[in-house]
Amino acid sequence: MFLKRILRSVPVIRDASLRSNDFSRNKQILSAKARTQCQYSTQITPKEEPSEVKPTEHEHNAKLSAEITKQLMQFFDEKDNWGAQRVRVGRAWKKEELRIKSSTDLHKLWYVLLKEKNMLFTMEHECKAEMRVLPNPDRIDKVLESMYNLEEVVRERNKAYHLLETGETGERPFKIVFNKLGLRSFYKLWEHIVPKELHEKWKNHIFSYSHNETKNFLKLYREKLWVKKRRSKLQERRYIFQLFKRFPNVDKEYLKELYPDQDIEKLRQSKLTASHLQQKAN
Amino acid sequence: MSTRWYPIYQKGNPQLRVFLPNFWMKLVKPNVDQPKNVVQFITSVQMTNHDIKNYLEKIYKIPVVKVDTSIVQGEFKKQPDKGYVIKDDDYKRALVTLPRGAEFEFPEIFSKEVKDKEDETLTKHRKELRKGYVEFTAKCKKRPGVPGWFGL
């Protein structure tokens, strides 16, 4: 009421220069003009805003360290599991389950798993230091397995995308080359800024063999492999003879499946397949 | 690319980013007394100081001021009963400095109560074993030189 009365008593000067739009902008001018005419002051003392109380250094430190400890405690297991005999957990993530998830979900899950892995490694280290047993160490295997599965699923998606867009798998390219010993090996390719003709180090790469020593080595090496192969084949043959001897009605078709390198029909007709009684009679 | 093989970086290219980092870190008790705002980690050897700082700030939201690292050689020792030398894996030790005023105390995971409880059960078990052994040997006392299984 009091305020209203004051306002009524104030003769508002209607300047031609003051438009309604300019009212807010020229508020100060208007109030100043009004004040000259008014015997009461219309200005209401603005409320003093409570100035922000600066936290003391001690408080600031306490808050900071509380926050940091909260974050760092992610490296440790829940407090209930400290010194527990057994921690109940589920199984690892399967590929089929991960294939349904969206890529953003997989990205989030990766970080959950990463934090879990770090936590388990920390707990394992601490348990070893304190001469205690880590409860359910299979948790580590489960986390690693699910991380492996997740990465495989992401890789599948990557391959599919690259094949669709570029016609290549997008995997790291490789070549099969001969090394200095004359053996075949995988040579992983990678990008270079300098072309290989101008690269000095490229001259040091040797993908061929020409010495007689190497050739001699290869000859002996191949012979070794061949002898091994022959020995295993003879062993198989002997085993099949024994089978025919002990079980004359054995299924030939199944044997053919098991030993595709052996001629089963020919082996069956051999004298060695007959039992010792038959051999005597003959 | 999820093959963990990144294209070569040339100036002006977009920055290479790791979407699925496979680095690990473990928080350990410092082997030497450190100031209260210093935390010790053991990390995978491939990590650089920059990596460690980014890892803690981005994934764990921990402000980091400074990172000091060193690669610690694994211990050489002889395989018992075999004689040949074996070596533990090398690891990277990182001392991470938190901002001034921050404090972190390594938690006591195996408190005295838990240890005492475990020790109690162990001593109980040991006593029972001892009791059985004494009972068994008492039977064989009067016939020295005869194996234990002889009398029923």
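Order of the sequence lines sets the chain letters (A, B, ...), proteins ahead of strands, with each chain counted from 1. As the structure is a prediction and not an experimental result, all values here were calculated from the model.
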field: Mutual orientation of the aromatic rings belonging to A:F76 and B:F104 [parallel < 30°, tilted 30-60°, perpendicular > 60°]
entry: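 Parallel: the ring planes of A:F76 and B:F104 meet at under 30°.
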
Under 4.0 Å between a Lys/Arg side-chain N and an Asp/Glu carboxylate O for [X] and [Y]?
X      : Y     : value
A:E124 : B:K26 : no
B:K61  : A:E67 : no
B:R100 : A:E57 : no

Go through the atoms of [X] and report whether side chain, backbone, both or neither lie under 4.5 Å from a heavy atom of chain A.
X      : answer
B:E113 : neither
B:K117 : neither
B:F41  : side chain
B:I59  : both
B:I109 : both

- prompt: Counting a contact as any heavy-atom pair under 4.5 Å apart, which residues of residues 81-88 of chain A contact chain B?
  reply: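 Contacts with chain B: A:W82, A:G83, A:Q85.
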
query: So which residues of residues 203-234 of chain A are in contact with chain B at a heavy-atom cut-off of under 4.5 Å?
result: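 Counting heavy atoms that sit under 4.5 Å from chain B, no residue of residues 203-234 of chain A is involved.
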
- prompt: Under a 4.5 Å heavy-atom cut-off, does chain B meet the side chain of A:K188, its backbone, both or neither?
  reply: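 Neither part.
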
query: At what distance, to the nearest 0.5 angstrom, does CD1 of A:I68 lie from CG of B:N37?
result: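 Interatomic distance, A:I68 CD1 to B:N37 CG, rounded to 0.5 Å: 8.5 Å.
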
B:N22 side, atom CG; A:W110 side, atom CH2 - distance, nearest 0.5 Å: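 Nearest 0.5 Å value for the CG-CH2 distance: 6.0 Å.
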
message: Looking at chain A, which one of B:Y60, B:F110, B:W24 has the largest number of heavy-atom pairs inside 4.5 Å, strictly under?
response: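 Looking at each option in turn, the highest pair count goes to B:Y60.
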
- prompt: Tell me, do A:L114 and B:Y55 make a side-chain contact under 4.5 Å, heavy atoms counted?
  reply: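 They are in side-chain contact.
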
